[in-house]
Amino acid sequence: MASPATAGDIKDDAICSICLGYLTEPVTIACGHNFCRACLTQYCAEKGAGTPLTCPQCRAQFQKGEFKPNTQLNSIVQKIKQLGLKPGKGQKEDLCERHEERLKLFCEEDGETICWVCEKSRDHKSHTVVPVEEAAQEYKEKLQGALGPLRKELEEALVLTSKEKEKTTEWQRKVKNKRETIAGEFNKLHTLLREEEQLLLQSLEEEERETLQRLRENVTKLSQQSSSLQQLIIEIEEKCQQPVVELLKDVKSTLSRSENVKLQEPEAVSTDLKNVYKISLDMREALQRFGVDVTLDPDSAHPKLVLSEDRKRVRLGEKRQDLPDNPERFDTYPEILGAEGFAGGRRYWEVEVGDKTEWVLGVCRESVSRKGQVRLSPRNGHWVVWLRDGGYEARTSPSTPLPVSVRPSRVGIFLDYEAGEVSFYNVTNRSHLFTFTGTFSGKLRPYFYPGLNAGGTNAAPLIICPVPAQAGGNLGP
């Protein structure tokens, strides 16, 4: 029977130093050490690309994939397993797993306890080795020395944690207050809108009832006249069938009644709805929540356009200015864009058009063509409303005429990017003009066209008006 030392040597050769279990499908690398195929494969994978591979046991370098199966060792391992010998790890806590000698030394370089046989081996021969008691005392002092700074760091961490918790609580309080404020404001707005809706519906119902009553009265009066006429016709027809004496009896009275018959025409009742169903002041105040400070972009301005110093006014000049023909500049019609671009959210601005006889306002894609003639339409990236030849139109395909009862001296434009809507409002009488619906992509810019001067009758500028700031500000990016 083999001696314990020999058994230990046999087991040491059969054990993988990575998983500390018996070798499974053992492979050998260049330095001669053996490992489980799976253990070595995982070890190589964990090193990553570009990192030199070293033997887990002796630190000798080897190339990935150069290890070879050790069938002979695999056969030995199987025989050891049949003998019932177990891996030495954990059998004796203070014994070397390789040599079954007491672990009485500490290797400074490798940071591990070793036995006297390990010390003599080539793995540790050139290393600094001290008794475990001496090493333990030294490292105990170092560990105790590390406790002070760590406790200080912990104290600072706890203080910072406390401050962050206080900031978290304060932030949540602010958010809660703001959420309550927003909810309160919108509840107020919803209430106002519901009340406005009920008033408008009530007014419409009253108009419906009054108009129907007058129409029905007309029908009743006409029915009564029709009945009287029918009776007189029957009476005359019967008279004509009577004998001579009977026919002449009261004939003059009958003729007189027939000659005096005159149809009373019904009272004229208009069936046009009254112009009272329009946007209210409350809605404009709601739109002002999304007010944005729009300015004009001089780089996009046609050379004949004249801008004010604050870039809030634009008019058509008499002469073409000497300006660089940069790609952003319109070169055919007197067009100009707003400097601000919008790729989301809700935005509202107002433009003073005064008594101008021609203008175009709205939004367009930032990517619209700036050179040559381009038809203004959603297909070409324009969502605009214009005044031309005395008529208002939304530039759809084909154009949509807009019935305007009160000439707008100021126009409001509301962009809801996510909803795909551009709405136009007559600020003068707070009525809705038109809403484009679609799907937006890319950045949109405000669009302005002051129109031709028309002999001086349309020389006034378009003026971007300041929108009073409301609680809530711009909603959206």
Side-chain angles (χ1 to χ4, degrees), residues 291-342 347-376 380-390 392-395 407-415 422-428 433 443-468:
V292 62
D293 184 21
V294 172
T295 54
L296 297 166
D297 176 18
D299 292 336
S300 67
H302 184 276
K304 289 192 71 174
L305 291 178
V306 179
L307 279 64
S308 63
E309 186 174 349
D310 62 358
R311 295 190 296 167
K312 294 288 188 178
R313 297 168 177 251
V314 59
R315 62 178 177 84
L316 183 64
E318 297 296 332
K319 297 181 180 180
R320 190 182 185 94
Q321 303 173 77
D322 185 16
L323 296 173
D325 187 22
N326 50 287
E328 299 86 2
R329 192 178 306 284
F330 291 99
D331 67 353
T332 303
Y333 296 113
E335 304 166 274
I336 185 172
L337 301 183
E340 296 73 19
F342 312 125
R347 302 290 189 268
Y348 177 74
W349 62 96
E350 295 179 355
V351 181
E352 186 76 30
V353 297
D355 294 327
K356 290 178 67 62
T357 58
E358 184 181 35
W359 50 258
V360 185
L361 296 172
V363 300
C364 69
R365 291 197 189 99
E366 191 175 48
S367 59
V368 294
S369 176
R370 315 291 176 90
K371 310 300 180 182
Q373 297 183 2
V374 179
R375 175 178 173 81
L376 301 180
N380 293 328
H382 302 81
W383 293 268
V384 298
V385 164
W386 77 5
L387 166 63
R388 185 177 182 182
D389 298 329
Y392 297 85
E393 291 183 355
R395 293 295 292 168
R407 182 186 182 93
S409 61
R410 181 180 294 193
V411 176
I413 301 153
F414 179 56
L415 167 65
V422 182
S423 298
F424 295 82
Y425 299 94
N426 181 348
V427 178
T428 304
L433 291 173
K443 190 172 289 186
L444 301 183
R445 302 267 293 274
Y447 175 91
F448 306 85
Y449 172 87
L452 303 179
N453 285 344
T457 60
N458 192 47
L462 291 174
I463 305 172
I464 302 173
C465 306
V467 178

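Start at 1 with the first residue, then count along the sequence.
A 4.5 Å side-chain heavy-atom check between Y425 and P408 finds every atom pair outside the cut-off. Using a 4.5 Å heavy-atom cutoff, the side chains of K304 and R320 are in contact. Contact annotation: the side chain of F424 approaches that of I413 to within less than 4.5 Å [non-hydrogen atoms, C-beta and beyond]. In this structure, W359 and V351 have side chains that are not in contact, with every pair of non-hydrogen atoms separated by 4.5 Å or more. In this structure the side chain of I336 never reaches within 4.5 angstrom of the side chain of H302, judged on heavy atoms. Residues V411 and V385 fail the side-chain proximity criterion, which asks for heavy atoms closer than 4.5 Å. Counting only heavy atoms from C-beta outward, the side chains of Y449 and Y333 approach each other to under 4.5 Å. Counting heavy atoms from C-beta outward, V360 and L376 have side chains that approach closer than 4.5 Å.
Checking side-chain atoms of D331 against main-chain N and O of G372 turns up a donor-acceptor pair under 3.5 Å. Looking only at distances, a side-chain donor or acceptor of R370 sits under 3.5 Å from a matching main-chain atom of E328. A donor-acceptor contact shorter than 3.5 Å links the side chain of N458 to the backbone of P450. Although no hydrogens or angles enter the test, the distance criterion places a donor-acceptor pair under 3.5 Å between the side chain of N380 and the main chain of R375. With N326 contributing its side chain and D299 its backbone, the two residues share a donor-acceptor pair below 3.5 Å. Under a 3.5 Å cut-off, the side chain of R410 and the backbone N or O of E350 do not form any donor-acceptor pair. Counting only distance, with no hydrogens or angles, the side chain of K356 and the backbone of A460 share a donor-acceptor pair below 3.5 Å. Using modelled atom types, no side-chain atom of E358 and backbone atom of D389 make a donor-acceptor pair closer than 3.5 Å.
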| task | With side chain to side chain contact (heavy atoms under 4.5 Å, CB included) as the test, would you mind laying out the steps for L305 and L316 before giving the verdict? | result | CA-CA 5 Å; L305 291 178; L316 183 64; 4.2 Å; yes

| Taking it one step at a time, do L444 and R365 satisfy side chain to side chain contact (heavy atoms under 4.5 Å, CB included)? | CA-CA 4 Å; L444 301 183; R365 291 197 189 99; 4.0 Å; yes

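In terms of heavy atoms, K312 sits closest to L296 at C-CD1, 4.1 Å. Across every non-hydrogen atom of G341 and R445, the tightest pair is CA-CD, 3.7 Å. Residue P334 comes nearest to L452 through the heavy atom pair CG-CD2, 4.5 Å, listed as atom of the first residue, atom of the second, then distance. Taking each heavy atom of C364 and L337 in turn, the nearest pair found is SG-CD2, 3.4 Å. Contact between P446 and V294 at its shortest, heavy atoms only, is CG-CG1, 4.0 Å. Among all heavy-atom pairs drawn from G381 and V368, the shortest one is O-CG1, 3.6 Å.
Here D355 contributes atom CG and T357 contributes atom OG1; the two are 9.5 Å apart, rounded to the nearest 0.5 Å. Distance OG/S409 to CG/N426: 7.5 Å, rounded to 0.5 Å.
Between F342 and W349, the angle of the ring planes lies from 30° to 60°, which puts this pair in the tilted group.
Around the NZ atom of K371, the shell of radius 6.0 Å holds more than 12 heavy atoms that belong to other residues, nucleotides or ligands. Counting non-hydrogen atoms of other residues, nucleotides and ligands closer than 6.0 Å to CZ of R388 gives a total of 12 or fewer.
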